[in-house]
Protein chains: 2
Amino acid sequence: MSSTNSLTVEDLGSAAQRDRRKRILDATIALATQGGFDAVQMRAVAEQADVALGTLYRYFPSKIHLLVSALGREFERASASLGDKPIPGDTASERVIYVLRRTTRGLQGDPHLAEALTRAFMFADASVQAEIHTVGMLLTRMLTRAMHPGQTELTDDDVAIARVIGDVWLSTLVGWVTGRTSAADTAAQMEKAVHLLLRD
Amino acid sequence: MSSTNSLTVEDLGSAAQRDRRKRILDATIALATQGGFDAVQMRAVAEQADVALGTLYRYFPSKIHLLVSALGREFERASASLGDKPIPGDTASERVIYVLRRTTRGLQGDPHLAEALTRAFMFADASVQAEIHTVGMLLTRMLTRAMHPGQTELTDDDVAIARVIGDVWLSTLVGWVTGRTSAADTAAQMEKAVHLLLRD
DNA sequence: CGTGAAACTGGAACGTGTTCCTATTATGGA
DNA sequence: TCCATAATAGGAACACGTTCCAGTTTCACG
């Protein structure tokens, strides 16, 4: 695409383009934090990011793409903030629960943001596969790292368990986001699932 | 509400009202079967059910309510068709998998319908709690019945396991519906989860 | 029967996601 | 520096969920 800067892993275009993209995602997160899914209106995002509506659609082909991309960026941030520090806990389930609690708390601290991002994730279709896959991989890696710290080889069961935990996480999160479950119940259900899967 | 017929468990109003309601749900299912979530357009439902748009909204306050109600009716049908016949399988996991396969296959036979109903379920907020709860109870009952045929007393673990399986079912179904997972993978993931939870 | 309330019809109107178009501006190679 | 091309701005237009309203029909009750 761009002739310069061809050594970066992902070619994000010129500095101006990177800047626009960042402004758009910032505006998305800001609006989602304030008022959730409904508040992320394409015209409002465009205005707050100081780009034209057509430009917004040039960068993100739909509201769903936009929100899932924003979710991905937030997730990367959370994943990075978890960092390389060893995860506290003596057993696999303790460590997994620690990670889940931390991530969930991060989301629940911003209920509107969590609602917007979860909704988008649930509504995304195949055209958002790439973005979704990114998020899925990050989550799986976080969980398997918690299950087996410092281990690179994983059994099929490890991955399967991580996936099941991810599924439960998503389902309960949807329940919470849509106001069908309290935060406490959400946490309790997740922890129960972890204990059922990782008996230690 | 209505003065007559006050002995029915759910007061569904006059025969004309029951008929309208049925016509609306029939139209919803028909349109969803043809073209999925997007094809269930309120104007189209109203026209096909031969009611005015305002009347449609009088019966179902939103497209989501409409679709979740339709899902509930389909689910009751599936649950009833499973009937009281003993569930085949020698172990709990075999029986649970049988039930899941059967239910999933029913949904996957109508991809558009499955997409519409799953989307609606995922998008529903607290205002649809009642309808959602109905579906959740039916699913839990189906699963616990498969786990412990003919048993009425259930441990907390039984219910928790059923819930986890339900969560996985929902998550994988979303993956399939949104084109992120194949039908085969969907089935495999669910069965893997069942085996991880019910080791027998 | 009449009557009044509730339900229904038909359709206009509004908000927001999405598309599209034209004029203007930035960009990168000759 | 100049030009061709792509990118952006600004905004009109369309689709569909939702709301609203005026007129009509249905229905239970006196």
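Across residues 47-55 of chain A, A:Asp50, A:Val51, A:Ala52, A:Thr55 each have a non-hydrogen atom less than 4.0 Å from an atom of DNA chain D (numbered order).
The closest donor-acceptor contact from the side chain of A:Gln48 to the backbone of A:Ala44 lies at 3.5 Å or more, if one exists at all. When atom types are taken as modelled, the side chain of A:Lys63 and the backbone of A:Phe37 share a donor-acceptor pair closer than 3.5 angstrom.
Ion pair B:Asp50/B:Arg20 not flagged as a salt bridge, since none of the NZ, NE, NH1 or NH2 atoms sits closer than 4.0 Å to an Asp/Glu carboxylate oxygen. Using a 4.0 Å cut-off between charged side-chain N and carboxylate O, B:Glu47 and B:Arg43 make no salt bridge. The pair B:Asp19-B:Arg23 counts as a salt bridge, with a side-chain nitrogen and a carboxylate oxygen less than 4.0 angstrom apart. We find that A:Arg73 and A:Glu76 are not joined by a salt bridge, their nearest charged nitrogen and carboxylate oxygen being 4.0 Å or further apart.
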Tabulate protein N/O versus nucleotide N/O from nucleotides 22-26 of chain C, keeping only pairs under 3.5 Å, one per line.
none

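In this entry the distance linking CG of B:Asp19 with P of D:dT26 reads 15 Å, nearest Å. Distance, A:Lys63 NZ to C:dG17 C1': 8 Å, rounded to whole Å. With rounding to whole Å, A:Arg58 atom CZ is found 4 Å from D:dA7 atom P. Atom CG in A:Leu56 sits about 16 Å away from atom P in D:dA7, given to the nearest Å. As rounded to whole Å, 13 Å separates atom P of C:dT16 from atom CZ of A:Phe37. With rounding to whole Å, B:Leu66 atom CG is found 10 Å from D:dG17 atom P. The CD1 atom of A:Ile24 sits 14 Å away from the P atom of D:dA7 (whole-angstrom rounding). Here the C1' atom of nucleotide C:dT16 and the CG atom of A:Leu31 are 14 Å apart, to the nearest Å.
At a threshold of 4.0 angstrom between heavy atoms, the contacts of A:Phe60 with the nucleic acid are absent. Looking at heavy-atom distances under 4.0 Å, B:Val40 makes contact with sugar-phosphate atoms alone, never a base. If you check every strand for non-hydrogen atoms under 4.0 Å, B:Arg43 touches a base.
Judged as a side-chain hydrogen bond (donor to acceptor under 3.5 Å, both in side chains), and not counting sequence neighbours, B:Arg145 has no contacts.
Side-chain polar atoms of A:Thr172 and A:Thr186 form no donor-acceptor pair below 3.5 angstrom.
Listed nucleotides: C:dG17, C:dC8, D:dG17. Nearest to the side chain of A:Tyr57: C:dG17.
Taking a 6.0 Å sphere around CZ of B:Arg180, one finds it holds more than 12 heavy atoms contributed by other residues, nucleotides or ligands.
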